[in-house]
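Every heavy atom of this structure was used, including side-chain atoms; hydrogens, water molecules and symmetry mates were not. Note that this is a predicted model, so its numbers are computed, not measured.
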Protein chains: 2
Amino acid sequence: MELDALDRAIVGALVEDARSTYAEIGHQIGLSAPAVKRRIDRLLSSGAITGFTARVEPSALGWTTEAYVELFCRGKTSPAEIGLAVSRHPEVISACTITGEADALLHIRAKDVRHVEQVIERVAAEPFVIRTKSAIVLSRLIDTPHARDAMPQSS
Amino acid sequence: MELDALDRAIVGALVEDARSTYAEIGHQIGLSAPAVKRRIDRLLSSGAITGFTARVEPSALGWTTEAYVELFCRGKTSPAEIGLAVSRHPEVISACTITGEADALLHIRAKDVRHVEQVIERVAAEPFVIRTKSAIVLSRLIDTPHARDAMPQSS
DNA sequence: AATGAAACTTAATTATT
DNA sequence: AATAATTAAGTTTCATT
């Protein structure tokens, strides 16, 4: 699906505040409320926007510690197998397979360092895991879900 | 601030769908719409919820490639200095200082591998960066902003 | 094909108990 | 906190370009 400048402006407005009204967004970009609604409905059905969520302050909810854990896996472990296994651990908030020595990289969020340690132990107990290599987050500098600029040009 | 079970249920409902109505949330948890609104207002002013955002499909917007980049920095480089520098690169969507050999870990999102390479070159050109070590994401298995379970108990 | 204006429906918000 | 009353927004329809 092709997004024009207005679509990208709407996406930007919704990323900033998913609860803005159609009229507010329309005023920003020079469109009427119904026109904005129609475009948002289209962005939703096309899959460009997948939903709306609350930004929560993890520390306010008691999740104070983050870590990144590299996974080194047995010979022919499939990405699907890793995904299935790590999705059983709710503290894993992000996981991907990567190039390089390690096979996968997990991002985990836990209550404290003790809790992080327990999660790593549980993950390391998965049968396909040979070893892990962890780094605790000392201070977070940036945390945005998406790139912080204009969408790419149609060039 | 203390969050009770109802607050945590409200946060959960808003994380799932930030555009649900107060009445919908109230029905799920057994509260009237005005009561839900009062609690959400309180969660916002206390900072437990920091805002509402759209979940966008990066690939739909042309951002198809992700990488993680470890930064090895000169002796006494402060976290603030790293944060300031990397925030100038909009493709850096997450950054933190970490324990271990590397000083910082960046998560970048770009249009393609060529674009990733350009960003790494730009970051590596920062005066405090000695060297970098990158891993390209092959396949994403999990991507959630928060832990996928109930909030921690007050225990 | 997409928009804006108006009509209509539903939700947000305030006041009251 | 719930109910009721009011205000504002969401949504549909329709005429227009």
Side-chain angles (χ1 to χ4, degrees), chain A residues 1-57 60-62 145-146 149-155, chain B residues 1-63 145-146 150-155:
Chain A
M1 180 198 174
E2 270 306 294
L3 301 194
D4 66 14
L6 287 173
D7 289 325
R8 282 184 266 119
I10 289 172
V11 170
L14 287 173
V15 166
E16 272 213 47
D17 181 5
R19 285 182 79 106
S20 348
T21 66
Y22 298 135
E24 280 167 359
I25 297 171
H27 185 257
Q28 287 172 37
I29 65 176
L31 228 53
S32 69
V36 172
K37 177 193 164 25
R38 277 190 294 261
R39 280 170 178 266
I40 292 177
D41 287 345
R42 196 160 48 88
L43 290 164
L44 281 165
S45 56
S46 75
I49 298 174
T50 59
F52 303 99
T53 187
R55 267 192 299 260
V56 308
E57 183 57 47
L61 302 177
H146 316 105
D149 73 344
M151 304 304 156
Q153 315 313 322
S154 47
S155 63
Chain B
M1 180 197 174
E2 270 306 296
L3 302 193
D4 64 14
L6 287 173
D7 289 325
R8 281 183 267 120
I10 289 171
V11 170
L14 287 173
V15 166
E16 273 213 46
D17 182 5
R19 286 182 80 108
S20 3
T21 65
Y22 298 135
E24 279 166 2
I25 298 171
H27 185 257
Q28 286 173 38
I29 65 176
L31 228 53
S32 69
V36 172
K37 177 191 163 27
R38 276 193 298 270
R39 279 171 179 264
I40 292 178
D41 288 344
R42 195 161 50 86
L43 290 164
L44 281 165
S45 57
S46 75
I49 297 174
T50 59
F52 304 98
T53 188
R55 268 191 298 259
V56 308
E57 184 57 47
S59 61
L61 303 177
W63 300 86
H146 316 106
M151 303 305 156
Q153 315 314 320
S154 48
S155 63

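In plain terms, the two heavy atoms of A54(A) and A18(B) that are nearest each other are N-CB, 3.9 Å. The two residues I40(A) and F52(A) come nearest to each other via the heavy atoms CG2-CZ, 4.4 Å. Closest heavy-atom contact between A60(B) and A48(A): CB-CA, 3.7 Å. Of all the heavy atoms in A13(B) and S20(B), the pair that sits closest is O-OG, 4.0 Å. Across all their heavy atoms, I29(A) and A9(A) have their closest contact at CG2-CB, 3.6 Å.
If you measure from atom CG of L3(A) to atom P of dA2(C), you get 13 Å, rounded to the nearest angstrom. One can place NE2 of H27(B) at 13 Å from P of dA11(C), the figure rounded to the nearest angstrom. When rounded to the nearest whole Å, the span between CG of L14(B) and C1' of dA12(C) equals 14 Å. Summarising the geometry, the separation between CG on L31(A) and C1' on dA1(C) is reported as 14 Å, rounded to the nearest angstrom.
With contacts defined as side-chain heavy-atom distances shorter than 4.5 Å, the pair V56(B)/L14(A) does not qualify.
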Pick out the pairs of N or O atoms, protein on one side and nucleotides 5-10 of chain D on the other, that lie under 3.5 Å.
residue : atom : partner : partner atom : Å
dG10(D) : OP2  : Y22(A)  : N            : 3.2

Produce the list of close N/O pairs, under 3.5 Å, pairing protein atoms with atoms of nucleotides 5-10 of chain C; give distances to one decimal.
none

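Among pairs with a residue in residues 37-57 of chain B, those fulfilling salt bridge (charged side-chain N to carboxylate O under 4.0 Å, His left out) read D4(B)-R39(B), D7(B)-R39(B), D7(B)-R42(B), K37(B)-D41(B), at least two apart in sequence or across chains. Listed by first and then second residue, the salt bridge (charged side-chain N to carboxylate O under 4.0 Å, His left out) pairs involving residues 14-36 of chain A amount to none (not counting sequence neighbours).
Here the CD1 atom belonging to I49(A) is positioned 4.5 Å from the CG atom belonging to L43(A), to the nearest 0.5 angstrom.
Looking at heavy-atom distances under 4.0 Å, R39(B) makes contact with sugar-phosphate atoms alone, never a base.
Between the axis at the start and the axis at the end of the helix from dA1(C)-dT17(D) to dT17(C)-dA1(D) there is an angle of 30°, using five pairs per end and rounding to 10 degrees.
Partners of A23(A) under the side-chain contact (heavy atoms from CB on, under 4.5 Å) rule, at least two apart in sequence or in another chain, are T21(A), A33(A).
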